[in-house]
Amino acid sequence: MENLRIMSVFGTRPEAIKMCPLVQELAGREGVESLCCVTAQHREMLDGVLEVFGVRPDWDLDIMTPRQTLATITSKCLTGMDGAIEALRPDLILVHGDTTTTFAGALSAFYHQVPVGHVEAGLRTYDKYAPYPEEMNRVLVSNLADLHFCPTASNRENLIREGHTENLFLTGNTVIDALKTTVREDYRFAAEELNRLPYGEKKILLVTCHRRENYGEPMKNIMLALRQIAEEDRDVELVYPVHLSPVVREAVDRYLRGAPRVHLTDPLPPGEMHNLMARCDLVLTDSGGLQEEAPALGKPVLVLRRETERPEAVAAGTVKLAGVVQDDIVTMAQRLIRDREAYRRMARAVNPYGDGQACRRIADAILWHFGRGDRPEDYCP
């Protein structure tokens with residue numbers, strides 16, 4: 001019996017963090033050839049993740065250009081994927097989540113009549129412009145996918161309501177698998193500034209902010225809120241690994257640089273980010289992945305967006321929507337900084353996103369689909 005050729009396609013740092021453990025899981029399976037194609041939609045930030053996990057791509061489209069648009073990313077991915085699919089001849093293509101790479105990878109697989117497996121399927125806000133372009137990307141991929149790997153039961157229910165009723169697998173989220181690899185008690189950061197932070201003595205706030213729908217006035221409000229928090233709470237230290245987007249960097253330089261007790265760094269590789277998250281007290285973010293990662297480490301999350309496609313965390317109490325209004329962000333952050341009981345309730349809430357076995361379940365589901373094993377059990381939080 002020939003090996004199954006399973007090709008994982010991703011292009012951004014968050015995708016890589018969640019897909020590299022799956023690439024490794026598939027590589028360890030008998031009868032499977034685990035292939036990896038990267039688009040490098042985010043070149044610099046992607047490469048650091050690949051290095052941490054020891055994943056070497058079999059195909060690299062290297063599409064990134066300065067100030068690239070959604071149209072250029074999509075068109076370059078589509079044309080580049082032609083060569084990858086023709087050369088590597090996959091039996092199944094795996095895409096992750098909701099990036100432009102995800103949509104283009106799934107569409108290219110469809111053009112070549114190769115089945116698609118969608119990792120992190122079924123997330124929805126039901127607002128096609130929030131998050132933008134992610135919401136429409138994942139809706140379109142659901143219509144192209146043959147296998148749907150859902151992190152939570154509500155994700156699966158979303159797909160069923162939309163008429164996707166076959167090959168739905170409840171797996172948990174692969175990001176929890178990644179954390180098991182990267183977080184260590186004896187970890188030392190590459191930057192001495194991070195080693196010298198007063199962990200346990202002051203409140204350490206970890207911040208990320210980069211989403212396109214926050215460009216403009218929302219991002220200005222977020223930056224001003226962060227500055228106000230740092231200025232008004234002397235026992236707070238704020239750490240912000242700044243995204244490489246020129247738009248984000250311009251906003252940070254204009255509104256936040258030079259603020260007291262604010263530490264601005266370049267983007268951190270996953271090992272650094274995960275260990276910083278494990279040592280911080282509170283996370284403020286517009287990222288999707290951090291809404292899943294931080295609760296697994298017992299860290300409350302304030303989401304710097306108007307809505308979230310991860311309502312399970314809100315329902316569980318590990319995440320609260322802070323929005324993009326300066327006063328609202330400041331009020332919610334200061335309550336968690338100053339109110340020990342409010343903080344304790346969020347920190348001790350149960351994370352709904354996984355048990356670290358998502359990659360095993362996905363690999364088992366793929367083998368079952370091709371008649372080479374049993375169907376995996378559903379994840380049950």
Side-chain angles (χ1 to χ4, degrees), residues 10-19 39 41-42 45 68-71 73-74 77 95-107 118-145 150-152 154-155 158-159 162 173-175 207-223 225 241-248 251 267 283-295 301-315 318-325 328-329 353:
F10 51 90
T12 69
R13 179 181 185 275
E15 287 175 288
I17 291 170
K18 295 182 176 185
M19 287 295 280
T39 66
Q41 179 179 333
H42 293 166
M45 292 187 286
Q68 59 196 2
T69 68
L70 297 176
I73 295 170
T74 304
C77 284
V95 296
H96 179 278
D98 52 24
T99 70
T100 304
T101 285
T102 305
F103 167 57
L107 184 59
H118 188 194
V119 180
E120 199 176 272
L123 279 68
R124 296 290 188 269
T125 64
Y126 296 103
D127 178 345
K128 72 178 183 179
Y129 292 115
Y132 169 79
E134 288 85 358
E135 176 72 5
M136 189 51 63
N137 284 340
R138 56 189 170 223
V139 170
L140 293 168
V141 172
S142 292
N143 287 288
L144 293 166
C150 306
T152 71
S154 65
N155 302 151
N158 289 340
L159 292 173
E162 295 169 14
N173 198 297
T174 60
V175 76
V207 176
T208 72
C209 179
H210 70 278
R211 299 190 82 94
R212 286 176 183 265
E213 70 264 28
N214 278 339
Y215 285 4
E217 192 70 18
M219 189 162 289
K220 173 185 174 181
N221 293 339
I222 290 167
M223 298 301 161
V242 183
H243 197 278
L244 295 178
S245 161
V247 176
V248 175
V283 176
L284 295 93
T285 184
D286 62 1
S287 164
L290 266 65
Q291 296 176 52
E292 301 150 349
E293 295 166 351
V301 180
L302 294 181
V303 179
L304 305 173
R305 290 164 57 185
R306 297 184 181 92
E307 53 194 332
T308 178
E309 63 276 45
R310 291 166 171 83
E312 303 88 356
V314 176
T318 61
V319 162
K320 291 185 183 296
L321 276 173
V324 294
V325 175
D328 293 346
I329 296 167
Y353 287 116

Examine distances only and state if a side-chain atom of D328 and a backbone atom of V324 form a donor-acceptor pair shorter than 3.5 Å. no
Closest non-hydrogen contact found for G105 with V95 is C-CG1, 4.1 Å
Non-hydrogen side-chain atoms of R310 and V314 separated by less than 4.5 Å: no
So, does Q41 use its side chain to make a donor-acceptor pair with the main chain of T101 at under 3.5 Å? yes
CG/N143 to NE2/H118 distance, rounded to the nearest 0.5 angstrom? 11.0 Å
With a 4.5 Å heavy-atom cut-off, do P133 and F103 have their side chains touching? no
Would you check if D286 and H210 make a side-chain contact, meaning some heavy-atom pair closer than 4.5 Å? yes
Who pairs with E312 by side-chain hydrogen bond (donor to acceptor under 3.5 Å, both in side chains), at least two apart in sequence or on another chain? T152, S154, N155, Y353
Do C209 and V248 make a side-chain contact, defined as non-hydrogen atoms from C-beta onward lying under 4.5 Å apart? no
L123 and D98: side-chain contact (heavy atoms from CB on, under 4.5 Å), yes or no, with the steps? CA-CA 9 Å; L123 279 68; D98 52 24; 5.5 Å; no
Can you check side-chain contact (heavy atoms from CB on, under 4.5 Å) on L321 and R306, steps first, answer last? CA-CA 7 Å; L321 276 173; R306 297 184 181 92; over 6 Å; no
Closest heavy-atom pair, P131 versus R138, reported as atoms and distance to 0.1 Å, is CD-NH2, 3.3 Å
Does the pair V301 and T318 meet the rule for a side-chain contact (heavy atoms from CB on, under 4.5 Å), with working shown? CA-CA 6 Å; V301 180; T318 61; over 6 Å; no
Say whether, by atom type as modelled, one donor and one acceptor occur between the side chain of T39 and the main chain of C77 under 3.5 angstrom. no
Rounded to the nearest 0.5 Å, how far does CG of N137 lie from OG1 of T99? 6.5 Å
Mind checking the CG-CD spacing from N173 to E120? Nearest 0.5 Å is all I need. 5.0 Å
From the list H96, E293, E292, side-chain hydrogen bond (donor to acceptor under 3.5 Å, both in side chains) partner of K18 resolves to E292
Would you tell me whether T208 and S287 have side-chain atoms, one donor and one acceptor, within less than 3.5 Å of each other? no
Student check: side-chain heavy atoms of M19 and T174 closer than 4.5 Å: no
Are side-chain heavy atoms of N221 and I329 found at a separation under 4.5 Å? no
Exceeds 12 heavy-atom contacts within 6.0 angstrom, atom OH of Y132: no
Around atom CZ of R124, are there more than 12 heavy atoms of other residues, nucleotides or ligands at under 6.0 Å? yes
Give a yes or no on whether the backbone of G122 and the side-chain of N158 come within a donor-acceptor separation of less than 3.5 Å. yes
So, taking the atom named CG in L304 and the one named CE in M219, what distance separates them when rounded to the nearest 0.5 Å? 9.5 Å
For the atom pair NZ (K320) and CG (L302), what is the distance rounded to the nearest 0.5 Å? 8.5 Å
With side-chain contact (heavy atoms from CB on, under 4.5 Å) as the test, would you mind laying out the steps for V303 and V319 before giving the verdict? CA-CA 7 Å; V303 179; V319 162; 3.3 Å; yes
So among E134, E307, E135, which one has a salt bridge (Lys or Arg N to Asp or Glu O under 4.0 Å) with R211? E134
Return yes if a side-chain donor-acceptor contact under 3.5 Å exists between S142 and E162, otherwise no. no
Any chance the side chains of T308 and Q291 put a donor and an acceptor closer than 3.5 Å? yes
